[in-house]
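Fair warning: this is a prediction, and the values are worked out from it, not measured in the lab. Below, read A as the first sequence line, B as the second, and so on, with proteins coming before strands; counting in each chain starts at 1.
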2 protein chains.
Amino acid sequence: MAKAPVLTPQAEDFPRWYQDLITKAELADNGPVRGTMVIRPYGYGLWERMQQEMDARIKEAGASNAYFPLFIPQSYLTKEAEHVEGFAPELAVVTHAGGKELEEPVVVRPTSETIINDYFAKWIQSYRDLPLLINQWANVVRWELRPRVFLRTTEFLWQEGHTAHATYEEARDYAAHIHRNVYADFMANVLAMDVVLGRKTARERFAGAVNTLTLEGMMGDGKALQMGTSHELGTNFSKAFNTTYLSKDGTQELVWQTSWGSSTRMVGGLIMTHGDDHGLRVPPRLAPVQAVVLAIKGDDAVLATVRETGERLKAAGIRVQVDDRTDTPFGRRAVDWELKGVPLRIEIGPRDLENGTAMLARRIPGGKEPVAIDGLAALLPGILEEDQALLLSQSRERRESRTADVTTTEEAAEAAVAGGWARIPWATLGTEGEALLADQAVSVRCLVAEDGSVPESDDAPGTLAIVARAY
Amino acid sequence: MAKAPVLTPQAEDFPRWYQDLITKAELADNGPVRGTMVIRPYGYGLWERMQQEMDARIKEAGASNAYFPLFIPQSYLTKEAEHVEGFAPELAVVTHAGGKELEEPVVVRPTSETIINDYFAKWIQSYRDLPLLINQWANVVRWELRPRVFLRTTEFLWQEGHTAHATYEEARDYAAHIHRNVYADFMANVLAMDVVLGRKTARERFAGAVNTLTLEGMMGDGKALQMGTSHELGTNFSKAFNTTYLSKDGTQELVWQTSWGSSTRMVGGLIMTHGDDHGLRVPPRLAPVQAVVLAIKGDDAVLATVRETGERLKAAGIRVQVDDRTDTPFGRRAVDWELKGVPLRIEIGPRDLENGTAMLARRIPGGKEPVAIDGLAALLPGILEEDQALLLSQSRERRESRTADVTTTEEAAEAAVAGGWARIPWATLGTEGEALLADQAVSVRCLVAEDGSVPESDDAPGTLAIVARAY
């Protein structure tokens, strides 16, 4: 009789597979307040690595980290009309504090454009203060009706960048720079995720933006996930908050702004991109643990070799963990590391010692083979890079094979409902077609140019719409 | 006529000096909601370095980072009687969210013992799951009546550790390990702050703890600042949340717990320990910028040398920043770097180039001297370590010279009110003396043994009380 699978198979029930994986790989739990989540150490380790890699790229782009308050006076939200309309239904409101009712209720930040502009208006005096490039790592709250761990949670962790520039062109170029050189670079080269870079239609734009750039990934079930966005805010917030600067010519000018964000939702995207029926597969460049060295049994010679091998691999620059918990059956530990998606398992038992070999199990392509223990430190870096590349190419292949070129709105809807993406000329679809798709819970994920670049405007000739169901 | 000082002198008005420094060095601003703060990039850079150094030590102590929700059901807080009594007056409460009144109001976390125990109770099954060592970096909210930036803010950033152990001894030892090997090590060796390690009296203990270990620093005005605490929680929370484990003997046992925290308040402590009338002085090991290379004037040869020197120092492992903003007067920039407390300034102008020298200004001991540009990379590391040591010894000297050994409660109160610390036998002072001190806003900061170690209990023979006014 076949063993019952550890996870519900993806083909049987993808959402349940996702939830099973998150629970069994100990990534996260649901919180006690509806829609909140507890991120467990292994899940948080993935997020910490994402933070490190993103933070380095954000600093490379010239931005500095800062911290703005969690609580925003309710009146701030109403200063930018589209912004408040977009966020009002999702706000959490503190009405009582310190044992008293507050005179003015305060809102728990859903995003920080308003409070940050309040300070930008104070800090920016002259052209010498520009560009002002700020990033914040923080928690934000948006009350979710249909929460799902990592993907849509009432509270989530993110980074939000906020910048002010002297000219429209500078702001536009900076939003594009973040889009491509921070977000896309990180997603392709660290997360090993193929993402499509495009611009949002007016319907899908951020509340308060004049242009939203997005990165869309295709998940294992063919649905789309928005992995990050970078917005041109024009002068919408600087008008509302009177954020002006003295130009070189001595005139007072409004600043041009951008904002851009990416969140713990990326952990959900990672799972749904690389996970399989045995669990998660973590790209080696991201992995907090790239290789685990397992003692099969608790014999002294085995334990000594396992620990020594761990030390040698660590010295070779590999992020390694030693698993010498031999009071837990080996099989259970092996399944657990497989669930957690650690790229490489190096299994050592008494018989291996005799031959000077270990069993090397590769989670990403699958398969096991004996290798010389002495050769591991030289062997593994190349294997890790191979597996990193494999994940990216699998992700690209999926997206390419499951994207259909279509010519009518009906065909686009059909392709999306069937679990794929459709590519259709935007001139054919248009805002009317977009509205029709919405009735079937299908949306335009983004607009792209024929050559795959990001179009300069919605009506640039040859613009294509990527159509899909989305998380 | 003498120039007006940039800051209110410490001797004239210490609190105003503190506020002046924070504003003028661009460390932080007050937030729009009472008691909240905006941490500006330079202030946040100090916090980021604190986080890095602390995080490495916390991981070295075996704890893993995780993340628990901001929102806690109000009912959780009431499960541990002393805990709710301690925190109830400071809570911020969300009553409305998503456009509706909530059925059960949720509290914004003031600390996370309750919600974390809810999960520990689920995750811990057997002795194999112990010890469970968790840390969280997060924001917390405690409504403050008398807020002061960094020291007492309605919202602050911190790390909170939470652990569960099989025995009382293990928990006690772990709380002490964090106290000494994480907190004290970091404060002495990175912050260059002399801190006294001791235990809190019952009156000053954390709400829900059976023992609180503390680290107390003496500020520039002689008042005390609690820099961090590590608590033994005994089984108070495990009883309240039924957090039990199956022992090796097959019995169900309550876990023994610890919690420990340190916060952005440390930035306030840093300022008040090392700051002087010219601004902040940042210890080199902490400093995000250890040396700034300034171009005095914008001549091409000067700019080239300044940038090249910056590159060479960076290559030598020094955290360096180049200041080539020659459209701002040199004097203003020099004062600004002095205010910000960057340890070393390397000033290069046209005349220096002729001699192959730069002017080296040392912020910590003060003073300026010409040095050979070619010798800088070899010279600076030693100077930085010297200055690090100097700050620690100055901090120690202040504490020693301003601590009086006294024998009566009256003398203790007098010493504290005059702006110093008093050391008095705890057997002489006792809880009655402690209550009398409270009438004059003086408190027992901690209990120490005669040899400077941490006493095992309040009534260990020879125990001394450190008495002071405190922030």
Colleague: Who wins among A:Ala138, A:Ala92, A:Ala28 for the most heavy-atom pairs under 4.5 Å with chain B?
Modeller: A:Ala92

Colleague: Check each atom of B:Leu157 against the heavy atoms of chain A and say whether the ones under 4.5 Å are side chain, backbone, both or neither.
Modeller: side chain

Colleague: Select one option (side chain, backbone, both, neither) describing which atoms of A:Leu145 are under 4.5 Å from chain B's heavy atoms.
Modeller: neither

Colleague: So between chain A and chain B, what donor-acceptor pairs come in under 3.5 Å?
Modeller:
{"unit_1": "A:Asp29", "atom_1": "OD2", "unit_2": "B:Trp123", "atom_2": "NE1", "d": "2.9"}
{"unit_1": "A:Asn30", "atom_1": "O", "unit_2": "B:Tyr119", "atom_2": "OH", "d": "2.6"}
{"unit_1": "A:Ile39", "atom_1": "N", "unit_2": "B:Tyr67", "atom_2": "O", "d": "2.7"}
{"unit_1": "A:Ile39", "atom_1": "O", "unit_2": "B:Tyr67", "atom_2": "N", "d": "3.0"}
{"unit_1": "A:Glu48", "atom_1": "OE2", "unit_2": "B:Lys59", "atom_2": "NZ", "d": "3.0"}
{"unit_1": "A:Glu48", "atom_1": "OE2", "unit_2": "B:Asn65", "atom_2": "ND2", "d": "2.7"}
{"unit_1": "A:Lys59", "atom_1": "NZ", "unit_2": "B:Glu48", "atom_2": "OE2", "d": "3.0"}
{"unit_1": "A:Asn65", "atom_1": "ND2", "unit_2": "B:Glu48", "atom_2": "OE2", "d": "2.7"}
{"unit_1": "A:Tyr67", "atom_1": "N", "unit_2": "B:Ile39", "atom_2": "O", "d": "3.0"}
{"unit_1": "A:Tyr67", "atom_1": "O", "unit_2": "B:Ile39", "atom_2": "N", "d": "2.7"}
{"unit_1": "A:Tyr67", "atom_1": "OH", "unit_2": "B:Asn139", "atom_2": "ND2", "d": "3.3"}
{"unit_1": "A:Tyr67", "atom_1": "OH", "unit_2": "B:Glu155", "atom_2": "OE2", "d": "2.5"}
{"unit_1": "A:Leu70", "atom_1": "N", "unit_2": "B:Glu155", "atom_2": "OE1", "d": "2.8"}
{"unit_1": "A:Leu91", "atom_1": "O", "unit_2": "B:Gly98", "atom_2": "N", "d": "2.9"}
{"unit_1": "A:Val93", "atom_1": "N", "unit_2": "B:His96", "atom_2": "O", "d": "2.8"}
{"unit_1": "A:Val93", "atom_1": "O", "unit_2": "B:Thr95", "atom_2": "N", "d": "3.3"}
{"unit_1": "A:Thr95", "atom_1": "N", "unit_2": "B:Val93", "atom_2": "O", "d": "3.3"}
{"unit_1": "A:Thr95", "atom_1": "OG1", "unit_2": "B:Thr95", "atom_2": "OG1", "d": "2.5"}
{"unit_1": "A:His96", "atom_1": "O", "unit_2": "B:Val93", "atom_2": "N", "d": "2.8"}
{"unit_1": "A:Gly98", "atom_1": "N", "unit_2": "B:Leu91", "atom_2": "O", "d": "2.9"}
{"unit_1": "A:Tyr119", "atom_1": "OH", "unit_2": "B:Asn30", "atom_2": "O", "d": "2.6"}
{"unit_1": "A:Trp123", "atom_1": "NE1", "unit_2": "B:Asp29", "atom_2": "OD2", "d": "2.9"}
{"unit_1": "A:Asn139", "atom_1": "OD1", "unit_2": "B:Asn139", "atom_2": "ND2", "d": "3.0"}
{"unit_1": "A:Asn139", "atom_1": "ND2", "unit_2": "B:Tyr67", "atom_2": "OH", "d": "3.3"}
{"unit_1": "A:Asn139", "atom_1": "ND2", "unit_2": "B:Asn139", "atom_2": "OD1", "d": "3.1"}
{"unit_1": "A:Glu155", "atom_1": "OE1", "unit_2": "B:Leu70", "atom_2": "N", "d": "2.8"}
{"unit_1": "A:Glu155", "atom_1": "OE2", "unit_2": "B:Tyr67", "atom_2": "OH", "d": "2.4"}

Colleague: Please examine the side chains of A:Ile116 and B:Val38, heavy atoms only from C-beta on, and report whether any two atoms are closer than 4.5 Å.
Modeller: no

Colleague: If every non-hydrogen atom of B:Ile39 is compared with every non-hydrogen atom of A:Ala66, which pair is closest and at what distance?
Modeller: O-CB, 3.3 Å

Colleague: For B:Leu91, which atoms come within 4.5 Å of any heavy atom of chain A: side chain, backbone, both, or neither?
Modeller: backbone

Colleague: So which residue, B:Gly99, B:Pro73, B:Gly45, B:Gly43, ends up with the most heavy-atom pairs under 4.5 Å with chain A?
Modeller: B:Pro73

Colleague: So what's closer than 4.5 Å to chain A heavy atoms on B:Val107: side chain, backbone, both or neither?
Modeller: neither

Colleague: How close do A:Leu70 and B:Val141 get, heavy atom to heavy atom, and via which atoms?
Modeller: CD2-CG2, 4.1 Å

Colleague: Are A:Pro32 and B:Ile72 close enough that some pair of their side-chain heavy atoms sits under 4.5 Å apart?
Modeller: no

Colleague: Between B:Pro89 and chain A, which part of the residue has a heavy atom less than 4.5 Å away: side chain, backbone, both or neither?
Modeller: backbone

